[in-house]
Protein chains: 2
Amino acid sequence: MALKAASARNLHAQVIEDIGSSIVGGVLQPGEALPGESQLAGQMEVSRTVLREALKVLASKGLIETRQKTGMRVREPRHWNHLDADVLAWRCATMPTDDFVEKLVEMRGIIEPAAVMAAARRRDPAQLETIAEALEAMEEAEDLDAWAEADLRFHEAVLAATNNELLSSLFAVIETALATFFVMSARNAKNFKYSLPQHRAVYEAIRRRRPNEAAAAMHSMIADSRTNMRKGRRG
Amino acid sequence: MALKAASARNLHAQVIEDIGSSIVGGVLQPGEALPGESQLAGQMEVSRTVLREALKVLASKGLIETRQKTGMRVREPRHWNHLDADVLAWRCATMPTDDFVEKLVEMRGIIEPAAVMAAARRRDPAQLETIAEALEAMEEAEDLDAWAEADLRFHEAVLAATNNELLSSLFAVIETALATFFVMSARNAKNFKYSLPQHRAVYEAIRRRRPNEAAAAMHSMIADSRTNMRKGRRG
DNA sequence: AAACCACATTTGTCCGACAAATGACAAGCT
DNA sequence: AGCTTGTCATTTGTCGGACAAATGTGGTTT
């Protein structure tokens, strides 16, 4: 069960982190019955109040299930909210397998082209201008930090231009998870601008309202980034 | 603020429902400061313990933000977990605008073809067999209920065959939300089997491991269902 | 053997108290 | 006067105990 694995601001946040990562990490098996609230609170050295606040949050993430008299049980993975930011983060931390990364990459491959297509269809002038500004900042970037900051702004601007918060919410979650694996290794500092032409192509397609061209440009960008990642992960 | 709008199993579930739907429904504006915990608990006639359990869950959904001394504030919509099942359900209940439905439909149009493509690539024999059984049940369905049950099984089987729980989790959430709008109106009872050929086409493509054909079949199926829905919503 | 009931255990709910954090305001210094 | 600093009050965070409600278990009765 582990004691005090995490250290966050609040006690309940620590408890959530602790139990949640234990479940996602497989320390607690699905179907397994957890000890009663009083006992568990004792083990973790927190009050039952705090423990219960954490349990409610975990239940809302679909990780556990609680019924009176029976106690709490770990739910099966198919009931988990796999798209929850915390659940995803715990999986990234405890399951750094190529298998899982492939799933994330697949999701990105599905979403990004769709997002730029939507942006090409529905962006308004102001949103286009925001994208243009980010692209300009990318061109003028002198070091890696400036480029990474501008790149983030570019993608956020494209997301906003889709005018579909479901799409942008999904995108943000997946992107965050992927970022924990590929931290933009400083080793590639030399050619960190290699994807600039593709970004420009995406922008041009969005400006000219050409969904298919935008998707094609994004596909090319993803293909490049994929080979690049594959190189990067070996180190 | 509303008192006792919802009636669920547990008290905290009611409170979550109550405050959550008030926020998503726009009764509580973003940036607005909620009354203190003690006062709010008094208004709702629940103990502070229960209220806090609810608040923690709402905070984990990104709906509210709480800092000491300052109190709680409603967060801006861009911070919400739009893919959370509860948040989505509340939006369905309080924002039945065509605008929102379009977003859901767009998501489905992105995900479903991608899902059948993944299934066509990675399904194993057992998963294919499960899909086949569901399809068979659809063919033999005599009434609407039987067909709806088999249809659900078909889609679930396809989802499982993708071998990507991120994809299936997303799909399930979107599908659930859409189902609240289009309850498969009994008016169409006569030709409820109209989409059988398309289902069969999808199955065949998955069986023959043809991702592109599967996506094409799914696109055709979505197009049909879209026109059909448009007719259905007018009633 | 089957139906029924009393009991024990576990979660659900309530309450009151204190600790920690922090914005606000007042006092003091330059 | 303007800025800094320190005290204070308010709000969330944490704690412990108590009782209510639900429910699986096992014994009892027919």
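In what follows, every chain begins at residue 1, and chains take the letters A, B, ... in the order their sequences are listed. Predicted, not measured: the structure shown is a model, and the values here were computed from it.
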Q: Grab the CD-P distance between A:Gln39 and D:dG16 for me, whole Å please.
A: 16 Å
Q: Report the distance from atom CD of B:Glu53 to atom C1' of C:dT11, rounded to the nearest whole Å.
A: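 Rounded to the whole Å, the gap is 10 Å.
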Q: Expressed in angstrom and rounded to an integer, what is the separation of A:His12 atom NE2 from C:dA20 atom C1'?
A: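 So the two atoms are 13 Å apart, to the nearest Å.
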Q: B:Asp124: what forms a salt bridge (Lys or Arg N to Asp or Glu O under 4.0 Å) with it, not counting sequence neighbours?
A: none
Q: Quick one: label A:Thr49 by what it contacts on the DNA or RNA (base, sugar-phosphate, nothing), any heavy atom closer than 4.0 Å.
A: base
Q: Examine distances only and state if a side-chain atom of A:Gln29 and a backbone atom of A:Gly26 form a donor-acceptor pair shorter than 3.5 Å.
A: yes
Q: Whole angstrom is fine here: how far is it from CZ in B:Arg9 over to P in D:dA21?
A: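 It is 19 Å, rounded to the nearest whole Å.
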Q: Starting from P on C:dT22, measure out to CD on B:Glu65 and report it in whole angstrom.
A: 13 Å
Q: Using whole Å, report how far CZ of A:Arg73 lies from P of C:dT11.
A: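 Rounded to the whole Å, the gap is 12 Å.
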Q: Flag the pair B:Glu102 and A:Arg122 as a salt bridge only when some basic side-chain nitrogen lies within less than 4.0 angstrom of an acidic carboxylate oxygen.
A: no
Q: When only distance counts, do a donor and an acceptor, one from the side chain of B:Arg48 and one from the base of D:dT14, lie under 3.5 Å apart?
A: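 Yes.
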Q: Would you call B:Glu156 and A:Arg78 a salt bridge, using N to O less than 4.0 angstrom?
A: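 No, no charged N to carboxylate O under 4.0 Å.
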Q: In whole angstrom, give the distance that lies between atom CG of B:Leu51 and atom P of C:dG12.
A: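 Result: 17 Å.
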Q: Quick one: does A:Ser169's side chain get under 4.5 Å of B:Trp80's, heavy atoms only?
A: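 Side chain of A:Ser169 against side chain of B:Trp80, heavy atoms only: no contact under 4.5 Å found.
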Q: For A:Ile19 and A:Leu40: C-alpha separation, side-chain torsions, deciding distance, then whether side chain to side chain contact (heavy atoms under 4.5 Å, CB included) applies.
A: CA-CA 10 Å; A:Ile19 302 181; A:Leu40 193 52; 4.2 Å; yes
Q: Just compare C:dC14, D:dG13, C:dT11 and give me whichever is closest to any side-chain atom of B:Arg52.
A: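 Nearest listed nucleotide: D:dG13.
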Q: Nearest-Å distance, CE (B:Met44) to P (C:dT13)?
A: 14 Å
Q: Can a salt bridge be assigned to the pair B:Arg108 and B:Glu175 using a cut-off of 4.0 Å between side-chain N and carboxylate O?
A: yes
Q: So if I define the base as every atom that isn't primed, P, OP1 or OP2, how would nucleotides 4-10 of chain C read as a B/S/- string at a heavy-atom cutoff under 4.0 Å?
A: -----BB
